[in-house]
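I have placed the structure first, in the form of structure tokens, so that the comments after it can refer back to it.
Keep in mind that what you see is a predicted model, and the values were worked out from it rather than measured. If you read the sequence from its start, that first residue is 1, and numbering goes on from there.
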Amino acid sequence: MVIVLKKNISEDDRKKLALFLAQNDFKTNEIVGEEATIIAAVGKLKVDPREVEILSGVERVIPISKPYKMASREFKPENTVVEILSNRGQVVKVGGMRITAIAGPCAVESREQMMCAAESVAKSGAAMLRGGAYKPRTSPYSFQGLGEEGLKLLKEAGDAYGMPVVTEVVASEYIPVMEAHGVDVYQVGARNMQNFELLKRLGKIDKPVILKRGLSATIEEWLMSAEYLLSSGCKNVILCERGIRTYERATRNTLDLSAIPILRSMTHLPIIVDPSHALGIRDKVSPMALAAVAAGADGIIVEVHCNPDKALSDGAQSLYPEQFDKLMRDIEALSPVVGKSLVRVRNAEKKSEESGQKKSHEGVVCAFSGKRGAYAEQAISRYFDGDAASLSVDSFREIFQKVASGEADYGMVPIENTLAGSVYENYDNLTQFEDVSIVGAVLLRIQHSLLGVKGASLDSIKTVYSHPQALSQCSKFLLRYNWSKIECVSTATAASEVAELASKENAAIASAVNADYYNLEVLKDSIEDDAANYTRFVVIAPNHFVDSNGGKRTADKNYKAWNAKPNTASFMFSVKNEPGALCTCLGVFRLSRLNLTRLESRPIHGEPWRYRFYADAELPEDERDAASYVDGVMTALKAEAEDVRLLGIYAESRKKI
């Protein structure tokens, strides 16, 4: 059974409860969650659950009928997200709204081989590095791995490129040496899925475990093996579907993708897929990896080798680096379709090298959509007082990708405009990218000008270029002329294209500052429909970094914007399907003395007629500890709503710039 403790339970009541459970032969495991602290009590039910429920300090008791207790949805209704810390302070997460890729060779063969593989998969955006130091091979005459030397090489390569390392543990006696060499994630192979003594030993060490499905195991048997790990103390278990044995001989195994949606209803544990071992054929791996993502997998683990034809183990199923790179780009394209984002954890020292836009002085990089002179770049300059390098990207989604991967420290994202309304695409991006948070906001006045090449005039123009919102914001002016309209990714991009076309028949609607950047003339100033034209930008930053003390990284205190007292919090939640559900949730904000300044709704992907709400709220001025205060709001909101998430607590200037 699951015992939910009251938030104010005393230490004396906690001890009495533990004694009562021990006397009744229950094995217990306490789990402190975001919403509540629970005790998983496993054993034969000798007492009536109501006897436990009346004990002081107990809020409620939930009996679990499934044989796999701690792995079941009854034990934990929300999905588990497993966190793995890299040596560079990045936290790699598996589960939730993200897709995580683990890649590397089947076996560690040499230092040169591992460095080559690590460099290639890191460049493509793999979050973790895999490699076998001990290899359980079908034939005793096959390569068995380098053993301890392999562990050293694997860890060296992972550290060099900032990736946690994953390797298989084949027997209990190897656990101490693997711990000594800093293995980050322990993989239990298919042959060891029901090696229960090994599972119990692994459960006692505080490390994440990838549990592969046995060759002929049912889904329930697989979950029972996960139960061994969880009940022994392991808090972070990742299930891995790697194919099962069937009558089919065309592939090495049969990849059971139907297990993914079935598991979703049975367990809270994250699920990844290994298409390399399932198929055993190189050109079949990528299609099945994409199919796994489409089926709802939280990630993939694939074999990549720089020279697979000479690999000492499973070369026929190992991808070439260029094949893996294409697979990652394909997954990135597919991820928004399934409502997720691809996790890319790159070498921090290499960020922005490709762009060449980082300043020579030590500073930070802030990504924005568009070209030089875009309104977002002006917002960056205002917000960071000119002390941040701008990184130009081609889309709003790419801003989030650059920030989540660590290639940019911050992102400047438009969220609403006083004339054109909300930028719904970025509300969707905030949903899908769980590894970023809002850390600031700035309000910028938007003043549009009509720009043309030297010698152009209003009479010579036939085509006007601009961002769709800018065209909308200048609709009254444009109605006077019978010009063709061409949409661009940003106003600055429009100015750049008009300059490149070098024709008096073309013009751009953009900020006047772009005239100097692109050698254009201002043909008409202040052409927006309403002078009160403001865009609210939010500043996003990654939340998957930790500081040197192991705590979550906070905002950079070097900027005066961070020294301001937080006065705004942004929330995301969905409501229960019952009368008055939204009204009840809004009542939480009223009772918490929060002034709602924004409330938006967006349809939930794959759930017709259900909506996710986004709320911005002003914090009470008399509250000194904003974080603690918002924690209380979150607790109250979670009691009434579903899928509650805090998007950020930050200082927002009320001043219009």
Side-chain angles (χ1 to χ4, degrees), residues 82 92-106 117-118 120-132 163 166 168 185 187 189-190 210-213 238-244 248 250-264 270-306 308 311 313-345 401 405 432:
V82 172
V92 176
K93 296 181 180 180
V94 182
M97 301 296 291
R98 59 186 65 76
I99 299 166
T100 307
I102 306 168
C106 178
S120 66
V121 300
K123 283 182 178 178
S124 297
M128 288 185 273
L129 177 67
R130 61 147 295 148
M163 293 183 289
V166 179
E168 183 172 354
V185 182
Q187 175 185 302
I210 293 176
L211 178 64
K212 287 196 168 185
R213 184 181 182 180
I238 302 167
L239 301 174
C240 180
E241 167 59 47
R242 47 81 66 207
I244 54 176
E248 183 54 62
T251 55
R252 182 173 180 176
N253 295 286
T254 298
L255 184 57
D256 183 13
L257 290 182
S258 66
I260 300 171
I262 291 171
L263 281 165
R264 283 279 177 243
I271 309 153
I272 65 173
V273 171
D274 179 355
S276 299
H277 282 89
L279 280 301
I281 306 168
R282 183 180 302 125
D283 63 355
K284 307 294 189 297
V285 170
S286 292
M288 295 312 295
L290 292 170
V293 171
D298 296 305
I300 59 169
I301 178 168
V302 295
E303 294 183 358
V304 180
H305 198 293
C306 292
S313 176
D314 287 342
Q317 66 194 36
S318 299
L319 298 178
Y320 288 96
E322 54 269 24
Q323 289 177 309
F324 177 69
D325 188 68
K326 182 180 184 304
L327 172 60
M328 291 292 282
R329 286 186 277 111
D330 289 344
I331 291 176
E332 197 160 49
L334 177 62
S335 58
V337 178
V338 295
K340 294 189 176 186
S341 63
L342 176 66
V343 176
R344 288 180 177 268
V345 181
Q401 290 169 339
S405 70
Q432 294 175 15

When you look at Arg329 and Asp325, which way does the side chain to side chain contact (heavy atoms under 4.5 Å, CB included) test go after all the steps?
CA-CA 6 Å; Arg329 286 186 277 111; Asp325 188 68; 3.2 Å; yes
Non-hydrogen side-chain atoms of Ile99 and Ile300 separated by less than 4.5 Å:
no
State, yes or no, whether a side-chain contact exists between Cys306 and Ser120 at a heavy-atom distance under 4.5 Å.
yes
Tell me, do Pro336 and Gln432 make a side-chain contact under 4.5 Å, heavy atoms counted?
yes
For Ala103 and Val304, which heavy atoms make the closest approach, and how far apart are they?
CB-CG2, 3.9 Å
Any side-chain heavy atom of Cys240 sitting closer than 4.5 Å to one from Ile301?
yes
Between Asp314 (side chain only) and Gln317 (backbone N and O only), is there a donor and an acceptor less than 3.5 Å apart?
no
Option from Arg98, Lys93, Arg264 for which salt bridge (Lys or Arg N to Asp or Glu O under 4.0 Å) with Asp298 holds
Arg264
Which of these passes side chain to side chain contact (heavy atoms under 4.5 Å, CB included) with Ile238: Ile272, Val166, Ile271, Thr100?
Ile272
Taken to the nearest 0.5 Å, the spacing of Ser124 OG from Glu322 CD works out to 9.5 Å
State, to 0.1 Å, how close Ser313 and Cys106 come at their nearest heavy-atom pair, and which atoms those are.
OG-SG, 3.1 Å
Identify which one of Leu279, Val302, Asp330, Leu319 satisfies the side chain to side chain contact (heavy atoms under 4.5 Å, CB included) criterion when paired with Ser286.
Leu319
Would Leu334 and Leu290 count as a side chain to side chain contact (heavy atoms under 4.5 Å, CB included) here? Give the steps.
CA-CA 8 Å; Leu334 177 62; Leu290 292 170; 4.3 Å; yes
Heavy-atom distance under 4.5 Å between the side chains of Leu263 and Leu239, does that happen here?
yes
Working note: Tyr320 + Arg282, criterion side chain to side chain contact (heavy atoms under 4.5 Å, CB included); need CA distance, chi angles, decisive distance, verdict.
CA-CA 9 Å; Tyr320 288 96; Arg282 183 180 302 125; 3.7 Å; yes
Within the structure provided, determine whether Lys340 and Val293 are in side-chain contact (heavy-atom separation under 4.5 Å).
no
Return the minimal non-hydrogen interatomic distance between Ala250 and Ile281, and the atom names on each side.
O-CD1, 3.6 Å
Considering only heavy atoms from C-beta outward, does the side chain of Val121 approach that of Arg130 to under 4.5 Å?
no
Minimal heavy-atom distance between Ala297 and Val273, with the atoms involved, is CB-CG2, 4.0 Å
Between Glu303 and His277, is a side chain to side chain contact (heavy atoms under 4.5 Å, CB included) present by the stated rule, with each step listed?
CA-CA 9 Å; Glu303 294 183 358; His277 282 89; 2.6 Å; yes
By salt bridge (charged side-chain N to carboxylate O under 4.0 Å, His left out), Arg242 pairs with (sequence neighbours left out) none
For the pair Ser318 (side chain) and Pro308 (backbone), establish whether a donor and an acceptor sit closer than 3.5 Å, ignoring hydrogens and angles.
no
Go through the structure and list residues passing salt bridge (charged side-chain N to carboxylate O under 4.0 Å, His left out) with Glu241, not counting sequence neighbours.
Arg213
